[in-house]
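Counting from 1, the numbers follow the sequence of the chain as shown. Just so you know, these numbers come straight off a predicted model, no measurement behind them.
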Amino acid sequence: MIRRHWTEWPSREALSREGVTRARRIIARVVRVGVIGMLVWTAVTQRGVSDWALVLSPVLLLACVAASWAYMRTTYDHRLWPSIGLLGSMVGIALLAQWAGFVGPAIVLWCGCAVAALERLPLAASVPITVVSLTGFVLVNDDAWLTTAVVVVGLCLSGYVLRLDAEARGNAQRLLVQERAARAAEAESAALAERSRIAREIHDVLAHSLSAQLVHLEAARLLIERGAERDQILERVVAARGMARDGLAETRQALSALRGDMTPLEDFLKELVASSDGATLAVEGLRKPLSAEASQAVRRVAQEALTNVRKHAPGAKAAMRLEYRPDEVALEVQDSGASRPDAELTVSGSGYGLLGMRERAELLGGSLEAGPCEEGFVVRLRVPV
């Protein structure tokens, strides 16, 4: 861990400008312009400098600016040796400036190299460069030793604090990116869940309606094959048309439910039982409001159960019981067994009704049990409130 601390680069988020406020960018630009202006002013007003040194000073200034810009790019790309080489070139420019008599600019360059190394390089590489730069500053500076020591310590702390500040900003940027990705994934998951819910609702409505129509159309076909009377066949065709009309109404109800506009559950079950011959409804327990998902699950299971009774046990009586419990609602649909068994009708259908009901219950944390009982077939649904 300690070795990694010394050899690890600052993150790219820390070395980039992302997350830097407008005020900080303005301050940084002002500081850069001020440093360049100070270097130019010091070079112009420096006394005791030869003419050739004055001619050389613009070249050194441009070389320093170019090296600084390139240093920012190579450190962002985590290229160690080019970064060290560019920082070394700036130290060399400081030595040339000192040799030419520009003491002030040389001091500024040495201090800047020390701070820049601590801020943007791995510590294992920045510490030697900082030592070399500050050594040049100490040798040139003619202030008291205590003042020089305070400046050296202050520069080291400044460089390291800038490094920590950049790392904190980089961590904040990474967390922001992760949060945005998590929100996008959550929104996508919610959209997929909503699409699945819509598809499940439409599928259940169509499966119920089409299965009921299939029962009557299959009966009409059998009647035609047996040479039945016209009135009997017409009765089945009219019933199929009624089922189609009811299917359209149920589709509208499903779409209304998806928009949060649903009729009360008990009223829906009463209408459902009233439209089924020989079906009864009993409601027990203290009534309580249900979520849209739980209410839809009860409605669809009730529809599918009565459809199965009509399809697989023609003529059977169905007893439906809705019970409100403290932490769940239970629905039970039991038939009395087929009184008019018809082999061809009982095998019609896709066979996925019970599977769809069970999946719907499990998605809500409930359960569904279906199987034969003493007299006929029973379906029991439990859904958390």
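Through chains of ILVMFWY side-chain contacts below 4.5 Å, Leu234 is grouped with Val238.
One finds no salt bridge joining Glu13 and Arg169 here, because no Lys/Arg side-chain nitrogen approaches an Asp/Glu carboxylate oxygen to under 4.0 Å. Of the charged side-chain nitrogens involved, none lies within less than 4.0 Å of a carboxylate oxygen, so that Arg300 and Glu304 do not count as a salt-bridged pair.
The side-chain hydrogen bond (donor to acceptor under 3.5 Å, both in side chains) contacts involving residues 362-373 comprise Ser367-Arg382, where partners must be two or more places apart or lie in separate chains.
Atom CG of Leu109 is separated from atom CE of Met90 by 8.5 Å, given to the nearest 0.5 angstrom. Atom CD1 of Ile107 and atom CZ of Phe137 lie 6.0 Å apart (nearest 0.5 Å). One finds the CD1 atom of Ile224 at 4.5 Å from the CD1 atom of Ile233 (value rounded to the nearest 0.5 Å). Expressed to the nearest 0.5 Å, how far CZ of Arg221 lies from CZ of Arg226 amounts to 9.0 Å. Rounding to the nearest 0.5 Å gives a distance of 11.5 Å between SG of Cys113 and CG of Leu118.
Listed by chain and number, the residues in a side-chain contact (heavy atoms from CB on, under 4.5 Å) with Val161 amount to none (sequence neighbours excluded). The side chain to side chain donor-acceptor pair (under 3.5 Å) test applied to Ser89 returns no partner, not counting sequence neighbours. Contacts of Thr75 classified as side chain to side chain donor-acceptor pair (under 3.5 Å), with partners at least two apart in sequence or in another chain: Arg120. Residues satisfying the salt bridge (charged side-chain N to carboxylate O under 4.0 Å, His left out) test with Asp77, not counting sequence neighbours, are none. In terms of the salt bridge (charged side-chain N to carboxylate O under 4.0 Å, His left out) criterion, residue partners of Arg183 (sequence neighbours excluded) are, by chain and number, Glu179. Remark: Glu119 engages no residue in a salt bridge (charged side-chain N to carboxylate O under 4.0 Å, His left out) (not counting sequence neighbours). When the salt bridge (charged side-chain N to carboxylate O under 4.0 Å, His left out) test is applied to Glu167, no partner is found at least two apart in sequence or on another chain. Shown here are the side chain to side chain donor-acceptor pair (under 3.5 Å) partners of Arg12, two or more places apart in sequence or in another chain: there are none. Residues satisfying the side chain to side chain donor-acceptor pair (under 3.5 Å) criterion with Arg230, sequence neighbours excluded, are absent altogether.
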Give every donor-acceptor pair under 3.5 Å between a side-chain atom in residues 147-155 and any protein atom, sequence neighbours left out.
{"residue": "Thr148", "atom": "OG1", "partner": "Asn141", "partner atom": "ND2", "Å": "2.9"}
{"residue": "Thr148", "atom": "OG1", "partner": "Ala144", "partner atom": "O", "Å": "3.1"}

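Taking the ring centre of Tyr324 as origin, the terminal cationic atom of Arg287 falls outside the region bounded by 6.0 Å and 45° from the ring axis.
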**Report entry** Stepwise side-chain contact (heavy atoms from CB on, under 4.5 Å) check, Phe268 with Gln303
**Finding:** CA-CA 10 Å; Phe268 177 84; Gln303 284 181 325; 3.4 Å; yes

Requested in this report: Starting from the C-alpha separation in whole Å, work towards a yes-or-no answer on side-chain contact (heavy atoms from CB on, under 4.5 Å) for Leu121 and Trp9.
Outcome: CA-CA 6 Å; Leu121 286 177; Trp9 280 87; 3.7 Å; yes

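Between the side chain of Lys270 and the backbone N or O of Leu281, no donor-acceptor pair lies under 3.5 Å. Here the side chain of His78 pairs no donor or acceptor atom with the backbone of Ser11 at under 3.5 angstrom. The backbone N or O of Gln334 lies less than 3.5 Å from no partner atom in the side chain of Lys317, so there is not a single donor-acceptor pair. At least one donor-acceptor pair under 3.5 Å links the side chain of Asp335 to the backbone N or O of Phe377.
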